[in-house]
Amino acid sequence: MNLPILINTRPQHRGDAIRQMADMQVLDLPLLEIISLSITQDEQEMMKSWLAGDYAALVITSVEAARRAVAWLDKQAAHWQTTHQSPIIAVGAATAKVLTARGLSVILPQTANNEGMLALPQIDALTAGDRLLIWRGVGGRRLLHDTLVARGVQIDAVCWYERRVPKDLPQAFAQLQLNDNKQPIYVIISSQMAFESWCSLPQLNCVHYLALGERLSGLIKAAKPASAVSQIDTLNPDDIRRAIGHALTVIH
């Protein structure tokens, strides 16, 4: 029996656990690459203000932002973890782990997205005049930002990286030689930007999308109504395996 074909679309330095799924034929096709940015002088002042406890809360929107911020802080102050800090809110468990590994307390929303963070009491309590710091990348969703700005909250953001479509993506896709494939091809889509990157490629038949989260699942269903879409709640190999297993059961 042929192993299911799974396209691992995570950036090259991520997704190792997916790559090691021995019960799948895993093909690497990073849809995005992560480019580190040097933070500006104004952003450095924001970081110093955060260390001084001048913000009502800190929101961290990704693992990439968390790792780069921690590395910057390590260079600036040897014992920055012991300084006074406001509540730290991380979008998901992997992001939180970067901070908890340093002994910091982190608050997690029930749902790992903007809506989940807005539902937290620490965010809901913010009012006009409060200051919030966000660690993030360039672009991305602005629901949290725009909702709080409309409430009169001052938002400062430090952008640690940007995501780009790899220049060699069309060539990498062509090398996969999937045009004549007759069995379902499972494609991991973990962000709207990754989906847009995928849509820039020649489209295949028999694609089954594995969409991270309810919002992204709905977006793909609307854009690709003839395609199969399964929602996954994490990028854990077990969640991916369960979704594919369920899809194969339905097929057979």
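All values reported here derive from a predicted model rather than from experimental measurement. FYI, the numbering just counts along the sequence from 1.
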Can you measure from CG (D233) to CG (L212) and round to the nearest 0.5 angstrom?
8.0 Å
Can you find a pair of side-chain heavy atoms, one from I244 and one from I240, that are under 4.5 Å apart?
yes
For W135 and W72, I'd like to know if the aromatic rings sit close, meaning centre-to-centre distance below 6.0 Å.
no
Starting from L37, walk the hydrophobic network (Ile, Leu, Val, Met, Phe, Trp, Tyr; side-chain heavy atoms closer than 4.5 Å) and list everyone else you reach, by chain and number.
V138
Check the pair Q76 / D74 against side chain to side chain donor-acceptor pair (under 3.5 Å), numbers first and verdict last.
CA-CA 6 Å; Q76 304 303 311; D74 283 343; over 6 Å; no
Just so I know, are the side chains of I185 and C206 near enough to count as touching, which here means a heavy-atom distance under 4.5 Å?
no
If we count only N and O atoms by modelled type, under 3.5 Å, do the side chains of Q122 and D124 hold a donor and an acceptor together?
no
Among the clusters formed by ILVMFWY side chains lying less than 4.5 Å apart, do L104 and L108 turn up in the same one?
no
Please verify the inter-ring angle class for H208 with Y186; under 30° counts as parallel, over 60° as perpendicular, anything in between as tilted.
tilted
Could you check if a side-chain atom of L32 sits within less than 4.5 angstrom of a side-chain atom of S191, using non-hydrogen atoms only?
yes
Where I220 and A211 come nearest, the two heavy atoms and their spacing
CD1-CB, 3.7 Å
If you look at every heavy atom in A90 and T95, which pair is closest and at what distance?
CB-CG2, 3.8 Å
Would you call Q154 and V149 a side-chain contact if the rule is heavy atoms closer than 4.5 Å?
no
Quick one: do I89 and L58 satisfy side-chain contact (heavy atoms from CB on, under 4.5 Å)? Show the steps, please.
CA-CA 6 Å; I89 297 161; L58 166 68; over 6 Å; no
R163: what forms a salt bridge (charged side-chain N to carboxylate O under 4.0 Å, His left out) with it, not counting sequence neighbours?
none
Nearest atoms (heavy-atom pairs only) where A65 meets Y161:
N-CE2, 3.5 Å
Side chain to side chain, Q177 and Q175, heavy atoms closer than 4.5 Å
no
Residues two or more places apart in sequence or in another chain: which of them pass side chain to side chain contact (heavy atoms under 4.5 Å, CB included) with N113?
T111, E115, R141
Can you confirm whether V187 sits close enough to L6 that some side-chain heavy atom of one is under 4.5 Å from a side-chain heavy atom of the other?
no
For V153 and T127, run side-chain contact (heavy atoms from CB on, under 4.5 Å): C-alpha distance rounded to whole Å, both residues' side-chain angles, the deciding distance at 0.1 Å, then the answer.
CA-CA 6 Å; V153 178; T127 58; 5.9 Å; no
Donor-acceptor contact below 3.5 Å, side chain E33 vs main chain P11:
no
Looking at L201 and P170, what are the two nearest heavy atoms and their distance?
CD2-CA, 4.0 Å
With sequence neighbours excluded, residues passing side-chain hydrogen bond (donor to acceptor under 3.5 Å, both in side chains) with K48:
none
Say whether W160 and V98 are linked into one hydrophobic cluster, either directly or through other cluster members, by side-chain heavy-atom distances under 4.5 angstrom.
yes
According to a 4.5 Å side-chain heavy-atom criterion applied to Ile, Leu, Val, Met, Phe, Trp and Tyr, with indirect links allowed, do L216 and V165 form part of one hydrophobic cluster?
yes
Is it true that the side chains of Y55 and D130 contain a donor and an acceptor less than 3.5 Å apart?
no
Check: I232 main-chain N/O paired with D239 side-chain donor or acceptor under 3.5 Å:
no
Are there more than 12 heavy atoms of other residues, nucleotides or ligands under 6.0 Å from atom CD of Q171?
yes
Could you give the distance from CD (E64) to CD1 (I34), rounded to the nearest 0.5 Å?
4.5 Å
Mind checking the CG-CE spacing from D156 to M46? Nearest 0.5 Å is all I need.
4.5 Å
Output the distance between atom CZ (F173) and atom CG (L31), rounded to the nearest 0.5 Å.
10.0 Å
Do the side chain of Q231 and the main chain of V229 share a donor and acceptor less than 3.5 angstrom apart?
no
Sidechain-backbone polar pair: Q110 side chain, L120 backbone, donor-acceptor under 3.5 Å
no
Whether W50 and W80 hold their rings parallel, tilted or perpendicular, with breakpoints at 30° and 60°:
tilted
Say whether V59 and L133 are linked into one hydrophobic cluster, either directly or through other cluster members, by side-chain heavy-atom distances under 4.5 angstrom.
no
Using the side-chain contact (heavy atoms from CB on, under 4.5 Å) rule, take I188 and I7 through it: C-alpha gap first, then chi angles, then the decisive distance, then the call.
CA-CA 6 Å; I188 297 169; I7 299 185; over 6 Å; no
If hydrophobic clusters are built from ILVMFWY residues whose side chains come within less than 4.5 Å, do L99 and M117 share one?
no
Between I134 and I60, does a side-chain contact (heavy atoms from CB on, under 4.5 Å) hold up when you go through it step by step?
CA-CA 6 Å; I134 301 177; I60 312 170; over 6 Å; no
Scanning both residues in full, the closest heavy-atom pair of L169 with S200 reads CD2-OG, 4.5 Å
So, for L3 and D23, which heavy atoms are closest and what is the spacing to 0.1 Å?
CD2-O, 3.7 Å
Are there more than 12 heavy atoms of other residues, nucleotides or ligands under 6.0 Å from atom CD of E45?
yes
Residues which pass side-chain hydrogen bond (donor to acceptor under 3.5 Å, both in side chains) with R215, listed by chain and number, not counting sequence neighbours
Q192
Evaluate the side-chain proximity of R10 to L235: yes if any heavy-atom separation is below 4.5 Å, no if none is.
yes
Under 3.5 Å, is there a donor-acceptor pair between the side chain of S197 and the main chain of M193?
no
When rounded to the nearest 0.5 Å, the distance separating CG of N236 from CZ of R241 is 8.5 Å
Check: R136/S62 side-chain N/O donor and acceptor closer than 3.5 Å
no
Ignoring hydrogens and geometry beyond distance, is a side-chain donor-acceptor pair present between H246 and S230 at under 3.5 Å?
no
Nearest 0.5 Å please: distance from the OG atom of S49 over to the CD atom of Q44.
12.0 Å
Side chain to side chain contact (heavy atoms under 4.5 Å, CB included) partners of T147, counting only residues at least two apart
L118, L143, R151
